[in-house]
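Only one structure is covered here, and it is reproduced in the block below.
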Amino acid sequence: MEHIGGIIVKKRKFVVVVFIILTSICAVSFFGVHVNYDLTDYLPEGSRSTKALKIMEREFDQAVPNARVMLKNVTVGEALEYKKKIKNIDGISDVIWLDDVSDIKKPLEMTDKGIRDKYYKNGNALISLAVEEGRELEITSKVYEVIGERNALEGNALALASVQTATVWETLKATIILLPIIILLLILTTTSWIEPILFLFAIGVSVIINMGTNLLIGEVSYITQSVTPILQLAVSLDYAIFLLHRFAEMQKQKDDPEEAMIAAMKKSFPAIAASSATTLFGFIALTFMDFEIGADLGFNLAKGIIISFVSVLVFLPALTLCSLKMIKRTKHKRILPEMSGSSRAFMKISTACLILMAIIIYPCWLAQNSNEFLYESTGVVEGQRTGEDEASVKKVFGDSTAIVVLLPKGEVGKEAELCSELEKKENVTEVVSYVSSVGSQIPDEYVSEEIVSGFYSDDNARIIVYTGTSAEGEEAFSTVDEVRKTAEKYYGANVFLCGESANLRDMKEVVTLDNKRVNIIAVLAIALVIMITFRSLLIPVLLVLSIKAAIWVNLAIPYFEGSPMNYIGYLIVNTVQLGATVDYAILLTDTYKQKRKSMYPKEAMKESLAERFRSILLSAVILSSAGFVLGAVSSNQMVAEMGILLGRGAILSLIMVVCFLPALLMILDKPLGATTYKSDFLKRRSEK
């Protein structure tokens, strides 16, 4: 590090120019990164939904309806006019209304009430349409232009369009809100007005490089696009703080700024490396998910941590030395005091905290395992037009979800029997197939190609089952299972299901299995890093236990509140909170371990808390602020929930590290010394 530091210091202007050029290139390339808004694309290749979707894309041109328009207080003639205009919108492949299933030339009173009420009820017309995948935002905007303010649009296509609208703007909004908070916090804890700008510039550069290099990957999920910049900024800011604080210390010992910076780089390297390694392995654990959103997010976060690590140890030293005159001119006294008195308060309550955690830790573990989960990643927002439209449509016509059933083609009689049985199932409102729309007695060669191609390919038959349930939940998933079970009774294992509720049912199955694997990998990897760092067998157990306890309390709160959680957010926070906040425990324990060489346990812990509390507090407040800001500005349920969990989790981790961990370390001081290589703990007279 000393040799590398020497090169960086000597070539500092060149280093700054290279990073600025690289950042500029990545800032431009960022706009070329394709963002994927459909999480079903991240289901494993072997999942039933993925197989069904591939068959659909390969063999059927006609799409399944994914949006509904409700026209309020219209006549049949007016509804037909609206239908004609909607059908003319480029990107809408199918538009279905009452005239497609019944003869509307005869009086409505003569139409079967069950059929009529699905499309026309109390003067309101409900039109189903298929919006082209990938163009949801563009097409739904045109639909809104046609139907105007008084009518309503709802469905999965609109939910995806809402996400597309919000992603970039909300990430920018969160950053705009977060930056002043971070700058204020840094001003309170630094001794130069310019230092906070240097911190943010160094990490900001790494964030832009990280996002820009995604062009080499091709595409990222909208979750990665929303979450990565904020998390990378909040998690890696510590590295810059470590380096510049060490530089300030070295300047007191060395007259030459270059020598002081080289020494600072050398001395801060172990702390920055250990801190980034634990966070890195926490993020890498996500890549072991079968649900590939984990690999997408985990890889980007891990890449971001590596780039931040390099930026802090290469770019920041060069930038700091180039800005040295400005730093000296903007010196000020430290605003936030040392907080040495806080250590006494934490010491007093540490034993009580240990007892409290001993009582609640098991119930919290049980509670966080018993949460009610949601799996849908998109969603409309209450209070906005999308939410009002959805509520008004469902109030009149109820829920409607399409399940696509793909079967081997060729046995029309068997297909007719299956459709007849499916129609009798609870929650099934309609079954659309060749035999129900055309008739099992009419050979397909006597029917137009356009109609036949909607139901038959060369090898498969397609049946669309409409249910009166929402897209997810116990009722929706049991209906999917019942439809699959019924179809398999006739066709065995050659049945494939897709559609929003079927996809979410598979997602539930995949991510539930992912949880245990990802948690085990994250815990073992982080524990291994801590074990190598401290050369201890017991310290990894105590540090991981402290943060896991905070995670269990955090994730148990929704259970006690009776609020369902998004499972993907739950899984990601479970890993991210561990990787991002275990650094607090490492920092305190490392200081305690050093001070135990010359002090007894109580005195060593008191000094450690006094020395490190401010740094831990700053880090926790920055991460917590990032989480809460993300939760406040995001209209996407999963991203917002993830932010709130992360914000609350950072505060809980802080409390556990300064209240619970000190008691653990002091009580287990003897075995701690015995299981740590060359601990050299100061022995009491009775132990000598």
Side-chain angles (χ1 to χ4, degrees), residues 189 238 241-242 245-246 248-250 252-253 263-264 266-272 274-275 278 334 336-355 357 529-547 581-620 653-688:
T189 55
D238 283 350
I241 294 170
F242 287 163
H245 280 188
R246 185 65 76 174
E249 291 174 12
M250 291 298 104
K252 294 174 184 177
Q253 300 175 22
K266 182 180 178 182
K267 287 185 177 293
S268 63
F269 178 79
I272 296 172
S275 180
T278 52
R334 195 183 296 276
L336 197 67
E338 286 293 335
M339 297 186 173
S340 55
S342 59
S343 63
R344 291 192 293 272
F346 295 136
M347 293 291 287
K348 286 178 182 177
I349 63 172
S350 62
T351 303
C353 185
L354 183 64
I355 295 168
M357 286 308 302
V529 172
I530 296 170
M531 185 174 71
I532 293 169
T533 302
F534 287 97
R535 295 185 294 181
S536 172
L537 296 175
L538 185 56
I539 287 177
V541 176
L542 301 184
L543 270 53
V544 170
L545 174 63
S546 298
I547 304 303
T581 65
V582 75
D583 295 345
Y584 313 162
I586 291 173
L587 188 60
L588 180 68
T589 306
D590 182 55
T591 308
Y592 174 75
K593 180 171 171 276
Q594 296 304 318
K595 291 191 179 297
R596 267 296 282 121
K597 294 178 180 181
S598 58
M599 300 177 185
Y600 294 129
K602 193 171 182 179
E603 186 185 359
M605 183 53 69
K606 185 179 173 182
E607 289 287 321
S608 299
L609 283 167
E611 191 174 307
R612 294 300 183 188
F613 175 65
R614 188 172 60 185
S615 298
I616 295 170
L617 177 66
L618 175 64
S619 182
S653 292
L654 167 69
I655 293 169
M656 293 300 292
V657 167
V658 299
C659 296
F660 173 70
L661 182 59
L664 269 185
L665 292 173
M666 287 187 291
I667 289 171
L668 298 173
D669 182 79
K670 259 190 190 178
L672 198 68
T675 57
T676 301
Y677 180 69
K678 291 186 177 179
S679 61
D680 297 327
F681 283 2
L682 178 66
K683 294 183 179 179
R684 299 179 187 274
R685 290 190 182 92
S686 58
E687 296 172 339
K688 291 179 180 178

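- Looking at D680 and R596, no side-chain N of the basic residue comes within less than 4.0 Å of a carboxylate O on the acidic one, giving no salt bridge.
- I539 places a side-chain heavy atom less than 4.5 Å from the side chain of T676.
- Annotation: side chain of S546 is in contact with side chain of L664 (closest heavy-atom distance under 4.5 Å).
- Proximity of E611 to K595: side-chain heavy atoms (C-beta onward) are separated by under 4.5 Å at one or more points.
- Considering only heavy atoms from C-beta on, Y584 stays 4.5 Å or farther from R612 through its side chain.
- A salt bridge links R246 with E249: at least one charged nitrogen is closer than 4.0 Å to a carboxylate oxygen.
- A donor-acceptor pair under 3.5 Å is absent between the side-chain atoms of S275 and the main chain of I272, judged by distance alone.
- Within the 4.5 Å cutoff, no side-chain heavy atoms of F660 are placed close to those of I655.
- Taken to the nearest 0.5 Å, the OG atom of S350 stands 12.5 Å off from the NZ atom of K606.
- In this structure, S343 contributes its side chain and L609 its backbone to no donor-acceptor pair below 3.5 Å.
- Contact between T351 and A663 at its shortest, heavy atoms only, is N-CB, 4.3 Å.
- In this structure, K267 has no side chain to side chain donor-acceptor pair (under 3.5 Å) partners at least two apart in sequence or on a different chain.
- Closest non-hydrogen pair, L665 versus M605, comes out as CD1-CE, 3.6 Å.
- With contacts defined as side-chain heavy-atom distances shorter than 4.5 Å, the pair Y592/L672 qualifies.
- A donor and an acceptor atom, one from each side chain of T591 and S608, are nowhere located under 3.5 Å apart.
- Closest of all the heavy-atom pairs between A271 and F242 is O-CE1, 4.2 Å.
- In this structure, L661 and M656 have side chains that are not in contact, with every pair of non-hydrogen atoms separated by 4.5 Å or more.
- Annotation: side chain to side chain donor-acceptor pair (under 3.5 Å) contacts of S619 (sequence neighbours excluded): D238.
- Using a 4.5 Å heavy-atom cutoff, the side chains of F613 and F346 are in contact.
- Residue D583 forms a side chain to side chain contact (heavy atoms under 4.5 Å, CB included) with just one option from I616, T278, V657, and that option is T278.
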